[in-house]
*Asks:* 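Take this structure first; my questions come after.
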Amino acid sequence: MTKLDTMFPLSFSYSSLSSFWSCELKGFRASIQHLRPPNDNPDLLAGGAFAKACELARKGYYNEGLSQEEAIEIGKAYILASPDTGHAIKTNERVAYSFEKYIEVFPFNQECKPCVLEDGSHAIEYKFEIDTGIPHPDFPDRNILFTGISDGLYGLYEVSSKKRIETYIIDEKTTSRIYRLPGAKVVDLEKEANVFRASSQLIGYCVVAEMLGIKVDAALIRRIPILKTYEPAYELEIPITQFMKDRWAISTFSKIESLKQKYLLYKENKGTYPQQFFYPTYGNSCNAYARPCPYIEGCLTKDGEQLLSTIYEQKVSKVNENGERESVPLAEFKKLLKSGKE
């Protein structure tokens with residue numbers, strides 16, 4: 001058996017680590033073998049366009065001094081020019097309309113303001129990078145990182161009160177489903193909040209913020225319904241306790257260390273299959289959100305990954321000289337790392 005080339009992740013984000021939580025083999029295919037299926041998930045395309053529009057509009061308003069109306073037009077233009085979502089309800093036009101109405105519900109001049117960073121800009125789409133202290137198995141001279149890159153952390157916001165300044169993480173999430181109170185069209189805010197009370201994403205953002213010296217009081221979830229008929233956005237406050245943050249740090253870094261050890265065993269044992277170390281779930285993750293896993297062929301037969309290698313290329317996303325992201329072959333990227341050019 002010829003094994004496909006591998007490289008353990010240089011960094012983990014909430015998104016990449018969540019694949020390993022749901023199904024270790026899926027995470028292995030995506031982040032260790034770097035088999036790249038096309039990004040054609042309609043929900044992700046719609047949510048990504050909405051998130052980028054929020055980022056562009058806020059940066060225009062807070063950093064460039066544009067009016068709210070001018071900032072909204074920039075966001076709408078971005079959504080309408082984005083690739084078609086392919087979603088029956090979350091169309092580009094409906095996402096753009098929902099974006100405009102969202103800013104009307106939470107206008108920039110009334111919302112709590114983004115924290116100001118050392119360079120004078122505001123913490124919008126706040127990107128972070130922390131050292132886990134875990135040596136990389138392929139490149140021992142560098143440690144594995146935990147990063148947040150355009151992953152729903154839109155800003156660290158401060159709102160003045162008489163007693164103190166409270167700091168929040170704000171995360172905007174589009175949705176096509178709403179919990180309602182029995183027999184009414186009113187949103188059931190308690191049920192909606194329950195969806196996020198143990199969110200690894202939110203807890204992780206709070207942990208990282210504290211590692212960077214920012215004390216976060218809570219997370220604010222802004223839910224933006226995108227339905228056939230318009231419904232206004234609403235806000236949920238999610239408390240993040242110290243207990244939750246402590247347990248998140250332990251479980252997350254332990255998971256990364258565990259994945260590293262499994263990876264080393266897989267590499268040491270030449271005649272083994274990844275399923276012997278990175279266990280497939282054979283459960284909900286195979287058909288999450290009514291969409292089949294893109295790596296399902298690799299779970300149907302013993303040599304399924306050879307078939308996967310004919311369907312998908314092994315590629316890594318990197319930032320080029322122009323500051324833009326591009327995909328390069330895995331073998332080429334590993335050469336760049338070894339030569340010190342990455």
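In this text, all values refer to a predicted model and were calculated from it rather than measured experimentally.
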*Asks:* Would you check if Ile238 and Ile221 make a side-chain contact, meaning some heavy-atom pair closer than 4.5 Å?
*Replies:*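 Contact flag for Ile238/Ile221 side chains = yes.
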
*Asks:* Report yes or no: is the cationic atom of Lys76 (NZ for Lys, CZ for Arg) under 6.0 Å from the centre of the six-membered ring of Tyr97, at an angle within 45° of the ring normal?
*Replies:*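 Geometry flag: not set, cation outside 6.0 Å or 45°.
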
*Asks:* May I ask you to check whether over 12 heavy atoms, not counting those of Glu190, lie within 6.0 Å of atom CD?
*Replies:*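 Check fails, neighbour count at 12 or below.
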
*Asks:* Where do Leu80 and Ala96 come nearest, in terms of heavy atoms and distance?
*Replies:*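 Minimum heavy-atom contact is CD2-CB, 3.9 Å.
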
*Asks:* If only atom types and distance count, is the side chain of Thr132 paired as donor or acceptor with the main-chain N or O of Ile144 below 3.5 Å?
*Replies:*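 Yes, because the side chain of Thr132 sits within donor-acceptor range (under 3.5 Å) of the backbone of Ile144.
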
*Asks:* Around atom CZ of Phe243, are there more than 12 heavy atoms of other residues, nucleotides or ligands at under 6.0 Å?
*Replies:*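 No.
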
*Asks:* Could you check whether any side-chain N or O of Asp217 sits under 3.5 Å from a backbone N or O of Tyr168, counting only pairs where one atom can act as donor and the other as acceptor?
*Replies:*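 No, because the side chain of Asp217 does not come within donor-acceptor range (under 3.5 Å) of the backbone of Tyr168.
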
*Asks:* Does the side chain of Asp188 reach to within under 4.5 Å of the side chain of Ile178, using non-hydrogen atoms?
*Replies:*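 Side-chain contact under 4.5 Å: no.
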
*Asks:* When you group the ILVMFWY residues by side-chain heavy-atom contacts below 4.5 Å and let the links chain together, are Met211 and Phe128 in the same group?
*Replies:*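 Same hydrophobic cluster.
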
*Asks:* Can you label the angle between the Tyr62 ring and the Phe108 ring as parallel, tilted or perpendicular, going by 30° and 60°?
*Replies:*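 Correct class here is tilted.
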
*Asks:* Show the nearest heavy-atom pair for residues Thr252 and Leu17, with the distance to one decimal.
*Replies:*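 Heavy atoms only, the tightest pair is CG2-CD2, 3.5 Å.
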
*Asks:* Could you walk me through whether Thr175 and Ile224 pass the side-chain contact (heavy atoms from CB on, under 4.5 Å) test, one step at a time?
*Replies:* CA-CA 6 Å; Thr175 180; Ile224 300 93; over 6 Å; no

*Asks:* If you count heavy atoms of other groups shown closer than 6.0 angstrom to CD of Glu313, is the number above 12?
*Replies:*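 Atom CD in Glu313 is not crowded, with 12 or fewer foreign heavy atoms closer than 6.0 Å.
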
*Asks:* Let me see the working for Tyr263 and Asp138 under side chain to side chain donor-acceptor pair (under 3.5 Å), right down to the final yes or no.
*Replies:* CA-CA 10 Å; Tyr263 174 70; Asp138 295 317; 2.9 Å; yes

*Asks:* Is the closest side-chain heavy-atom distance between Thr6 and Gln314 below 4.5 Å?
*Replies:*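 SC-SC contact between Thr6 and Gln314 ruled out.
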
*Asks:* Kindly work out whether a path of hydrophobic side-chain contacts (I/L/V/M/F/W/Y, heavy atoms less than 4.5 Å apart) joins Leu307 to Ile296.
*Replies:*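 No, it is not one cluster - the side chains of Leu307 and Ile296 are not joined through contacts under 4.5 Å.
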
*Asks:* Within the 4.5 Å heavy-atom criterion, are Ile72 and Gln68 side-chain neighbours or not?
*Replies:*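 Ile72 vs Gln68: side chains touch.
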
*Asks:* Nearest 0.5 angstrom please: Leu337 CG to Lys335 NZ, how far?
*Replies:*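 Reported to 0.5 Å precision, the distance equals 12.5 Å.
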
*Asks:* Ile226 versus Val95: any side-chain heavy-atom pair under 4.5 Å?
*Replies:*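 Side-chain contact under 4.5 Å: yes.
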
*Asks:* Run the numbers on Lys262 and Glu257 for salt bridge (Lys or Arg N to Asp or Glu O under 4.0 Å), then give the verdict.
*Replies:* CA-CA 9 Å; Lys262 288 186 176 189; Glu257 180 62 44; over 6 Å; no

*Asks:* Tell me whether Leu25 is reachable from Leu35 by hopping between hydrophobic residues (I, L, V, M, F, W, Y) whose side-chain heavy atoms are closer than 4.5 Å.
*Replies:*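 Hydrophobic grouping puts Leu35 apart from Leu25.
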
*Asks:* Identify the two heavy atoms, one from Pro239 and one from Ala218, that lie closest to each other, and give their separation to 0.1 Å.
*Replies:*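 Pro239 and Ala218 have their closest heavy atoms at CA-CB, 4.3 Å.
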
*Asks:* Got Leu4 and Ser309 here, is their nearest side-chain heavy-atom distance under 4.5 Å?
*Replies:*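 Sidechains of Ser309 and Leu4: in contact.
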
*Asks:* Might you point out which heavy atoms bring Ala233 and Tyr102 nearest each other, and give the distance in Å?
*Replies:*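 Scanning both residues, the minimum pair turns out to be CB-CD1, 3.7 Å.
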
*Asks:* Would you find more than 12 non-hydrogen atoms of other residues, nucleotides or ligands less than 6.0 Å from Tyr279 atom OH?
*Replies:*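 Not more than 12 within 6.0 Å, no.
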
*Asks:* Evaluate the criterion side chain to side chain donor-acceptor pair (under 3.5 Å) for residue pair Glu70 and Tyr61; output intermediate values, then yes/no.
*Replies:* CA-CA 8 Å; Glu70 292 170 324; Tyr61 181 82; over 6 Å; no

*Asks:* Look at the side chain of Asp131 and the backbone N and O of Gly133, then say whether any donor-acceptor pair between them is shorter than 3.5 Å.
*Replies:*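 Indeed, once roles are kept as given, a pair shorter than 3.5 Å links the two residues.
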
*Asks:* Would Val316 and Glu332 count as a side-chain contact (heavy atoms from CB on, under 4.5 Å) if you check the C-alpha gap in whole Å, the side-chain angles of each, and the deciding distance to 0.1 Å?
*Replies:* CA-CA 9 Å; Val316 178; Glu332 179 183 328; over 6 Å; no

*Asks:* Would you mind telling me which of Tyr273, Phe20, Tyr295, Tyr266 makes a ring-ring contact (aromatic ring centres under 6.0 Å, His included) with Phe28?
*Replies:*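 For Phe28, the ring-ring contact (aromatic ring centres under 6.0 Å, His included) check succeeds only for Tyr266.
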
*Asks:* Should the pair Arg222 and Phe106 be classed as cation-pi, given the thresholds of under 6.0 Å to the six-membered ring centre and 45° from the axis?
*Replies:*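 Yes.
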
*Asks:* When you measure from the side chain of Asp171 to the backbone N and O of Leu220, does any donor-acceptor pair fall under 3.5 Å?
*Replies:*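 No: the side chain of Asp171 does not pair with the backbone of Leu220.
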
*Asks:* Give, for atom CD of Glu231 and atom OG of Ser98, the distance between the pair rounded to the nearest 0.5 Å.
*Replies:*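 Here the rounded value is 10.5 Å.
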
*Asks:* Counting N and O atoms only, with roles assigned by atom type, does the side chain of Thr281 sit under 3.5 Å from a partner on the main chain of Ser22, one being a donor and the other an acceptor?
*Replies:*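 Yes.
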
*Asks:* For Glu305 and Gln33, run side chain to side chain donor-acceptor pair (under 3.5 Å): C-alpha distance rounded to whole Å, both residues' side-chain angles, the deciding distance at 0.1 Å, then the answer.
*Replies:* CA-CA 10 Å; Glu305 73 173 45; Gln33 289 181 324; 3.1 Å; yes

*Asks:* Kindly indicate, with the supporting measurements, whether the criterion side-chain contact (heavy atoms from CB on, under 4.5 Å) is fulfilled by Ser176 and Lys90.
*Replies:* CA-CA 8 Å; Ser176 56; Lys90 295 180 180 180; 4.0 Å; yes

*Asks:* Is it the case that the side chain of Glu235 and the backbone of Arg223 share a donor-acceptor pair, with hydrogens and angles ignored and the cut-off at 3.5 Å?
*Replies:*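 No.
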
*Asks:* Is there a side-chain contact between Asn92 and Asp84 in this structure, where contact means two heavy atoms from C-beta onward sitting under 4.5 Å apart?
*Replies:*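 Yes. Closest side-chain heavy atoms under 4.5 Å.
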
*Asks:* Is it true that, when you exclude Lys318 itself, more than 12 heavy atoms of the residues, nucleotides or ligands shown sit nearer than 6.0 Å to its NZ?
*Replies:*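 Count over threshold, so yes.
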
*Asks:* Once you round to the nearest 0.5 Å, how far does CZ of Arg36 lie from NZ of Lys315?
*Replies:*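 Reported to 0.5 Å precision, the distance equals 10.5 Å.
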
*Asks:* Taking the side chain as C-beta and beyond, is there a heavy-atom pair between Glu24 and Lys255 under 4.5 Å?
*Replies:*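 Result yes, sub-4.5 Å side-chain heavy-atom pair found.
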
*Asks:* Within this structure, what is the OG-CG distance for the pair Ser67 and Asn109, rounded to the nearest 0.5 Å?
*Replies:*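 Taking OG in Ser67 and CG in Asn109, the distance rounds to 11.0 Å.
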
*Asks:* Treating Lys260 as the side-chain partner and Pro135 as the backbone partner, does any N or O pair qualify as donor plus acceptor under 3.5 Å?
*Replies:*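 Indeed, once roles are kept as given, a pair shorter than 3.5 Å links the two residues.
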
*Asks:* Does Asn41 reach the main-chain N or O of Leu44 with its side chain, forming a donor-acceptor pair under 3.5 Å?
*Replies:*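 Yes: the side chain of Asn41 pairs with the backbone of Leu44.
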
*Asks:* Side-chain heavy atoms nearer than 4.5 Å, only ILVMFWY residues, links allowed to pass through others: does that put Ile203 and Ile256 together?
*Replies:*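 Yes, one cluster joins them.
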
*Asks:* Using every non-hydrogen atom in the two residues, find where Pro232 and Val105 come nearest and quote the distance to one decimal.
*Replies:*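 The answer is CB-CG2, 4.2 Å.
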
*Asks:* Give the cluster check for Val207 versus Leu145: same hydrophobic cluster or not, with ILVMFWY residues linked at side-chain heavy-atom distances below 4.5 Å.
*Replies:*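 Shared cluster, no.
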
*Asks:* Quick one: closest heavy-atom pair of Ile32 and Pro9, and the distance?
*Replies:*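 Closest approach of Ile32 to Pro9: CG1-CD, 3.9 Å.
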
*Asks:* Could you label the plane-to-plane angle of the Phe8 and His136 rings as parallel, tilted or perpendicular, counting under 30° as parallel and over 60° as perpendicular?
*Replies:*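 Ring orientation, 0 to 90° scale: perpendicular.
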
*Asks:* Is it true that Gln201 and Lys173 share a donor-acceptor pair across their side chains at a distance under 3.5 Å?
*Replies:*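 Present: a donor and an acceptor within the cut-off.
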
*Asks:* Checking the side chain of Arg94 only, and the main-chain atoms of Ile89 only, is there a donor and an acceptor separated by less than 3.5 Å?
*Replies:*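 Between the backbone of Ile89 and the side chain of Arg94 there is a qualifying donor-acceptor contact (under 3.5 Å).
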
*Asks:* Which one of Trp248, Tyr14, Phe12 satisfies the ring-ring contact (aromatic ring centres under 6.0 Å, His included) criterion with Phe146?
*Replies:*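 Considering Trp248, Tyr14, Phe12, a ring-ring contact (aromatic ring centres under 6.0 Å, His included) with Phe146 is found only for Trp248.
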
*Asks:* Tell me whether Arg180 contacts the main-chain N or O of Val186 through its side chain, where contact means a donor paired with an acceptor under 3.5 Å.
*Replies:*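 No: the side chain of Arg180 does not pair with the backbone of Val186.
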
*Asks:* How would you list all residue pairs meeting salt bridge (charged side-chain N to carboxylate O under 4.0 Å, His left out) that involve residues 236-248, not counting sequence neighbours?
*Replies:*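 For residues 236-248, and leaving out neighbouring residues, the salt bridge (charged side-chain N to carboxylate O under 4.0 Å, His left out) pairs sorted by first residue read Glu210-Lys245.
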
*Asks:* Test side-chain contact (heavy atoms from CB on, under 4.5 Å) on Ile74 and Leu66; report intermediate values, then the result.
*Replies:* CA-CA 10 Å; Ile74 289 174; Leu66 300 182; 3.4 Å; yes

